[in-house]
Amino acid sequence: MIAPDNTALILLAAGKSERFGLSDKLTEIFLGQPLGMHAVTALEAVPFAKRIVVKDGGRLDYAARGYEVVHNLRPEDGLSSSVRLGVQAARQGGIDAVLIALADMPRITATQIHRLFDAQHGPDTVVASSDGVRPRPPVLFGSARFDALEQLEGDTGARDMILAGRHVIASPEELIDVDTEDELAELLAKFGGRR
């Protein structure tokens with residue numbers, strides 16, 4: 001049975017962020033802390049076997065929060081390159097699953113992560129979050145999916161596997177993904193604060 005204590009969390013924090021502008025969006029302050037640290041804080045209580053962050057630079061110190069840092073030297077190769085690097089690092093720990101989350105999703109909750117584990121069905125597991133319209137991260141993958149994850153290419157990530165997997169509904173607000181300055185402004189207006 002897949003459980004957090006035999007699963008590696010892979011937090012994706014690498015990417016071009018071309019739609020955001022000139023600043024590093026993960027360092028933008030939201031509710032008193034950098035945007036890229038909200039998922040870290042929300043998932044601290046989930047007892048993962050291993051925590052990995054894939055990043056391409058930036059000033060945030062994930063290692064200080066217990067993460068193994070994997071550097072993606074080619075983020076321009078797309079999301080798949082970060083997924084591959086994260087899964088390769090996770091496999092070295094002899095784990096049974098990986099939970100892939102995005103560092104730019106500041107509203108994710110540990111409750112949603114536990115819902116994904118409740119829906120798992122062993123090594124072939126692919127369980128994604130969904131707002132009721134489309135599936136998206138966080139996503140839980142069983143070990144039988146590792147080879148396929150390591151063969152991904154481009155910027156679509158594991159989209160086909162996710163579409164064919166199980167989907168666990170969450171509030172759309174939990175699954176907000178900040179890609180643009182306007183999206184950050186909307187988030188700040190909704191939940192308080194300003195840039």
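For the numbers below, each heavy atom of this structure counts, side chains included, while hydrogens, waters and symmetry mates do not. For the single chain, residues carry numbers from 1 onward in sequence order.
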Ion pair check, E68 and K50, cut-off under 4.0 Å: yes

Pair listing, ring-ring contact (aromatic ring centres under 6.0 Å, His included) test, anchored in residues 69-111, at least two apart: none

Salt bridge (Lys or Arg N to Asp or Glu O under 4.0 Å) partners of R136, counting only residues at least two apart: D131

Between E153 and S80: side-chain donor-acceptor atoms closer than 3.5 Å: no

Residues in side-chain contact (heavy atoms from CB on, under 4.5 Å) contact with E186, at least two apart in sequence or another chain: none

Contacts of type side-chain contact (heavy atoms from CB on, under 4.5 Å), residue V40, not counting sequence neighbours: L11, M37, Y62, R65, Y67

With sequence neighbours excluded, residues passing side-chain contact (heavy atoms from CB on, under 4.5 Å) with D61: A63, A64

Of all pairs that satisfy ring-ring contact (aromatic ring centres under 6.0 Å, His included), the ones with a partner from residues 108-155, not counting sequence neighbours: none

Euclidean distance, Q88 CD relative to I52 CD1, rounded to 0.5 Å: 10.5 Å

Residues in side-chain hydrogen bond (donor to acceptor under 3.5 Å, both in side chains) contact with R107, at least two apart in sequence or another chain: none

Residue list, side-chain contact (heavy atoms from CB on, under 4.5 Å) with H167, at least two apart or on another chain: A128, S130, P135

Contact list for residues 2-14, test salt bridge (charged side-chain N to carboxylate O under 4.0 Å, His left out), sequence neighbours left out: none

Listed partners of K55 passing salt bridge (Lys or Arg N to Asp or Glu O under 4.0 Å), at least two apart: none

Salt bridge (Lys or Arg N to Asp or Glu O under 4.0 Å) partners for R91, two or more places apart: D147, E150

Side chain to side chain donor-acceptor pair (under 3.5 Å) contacts in which one or both residues fall within residues 94-105, not counting sequence neighbours: N6-D96, K25-D104

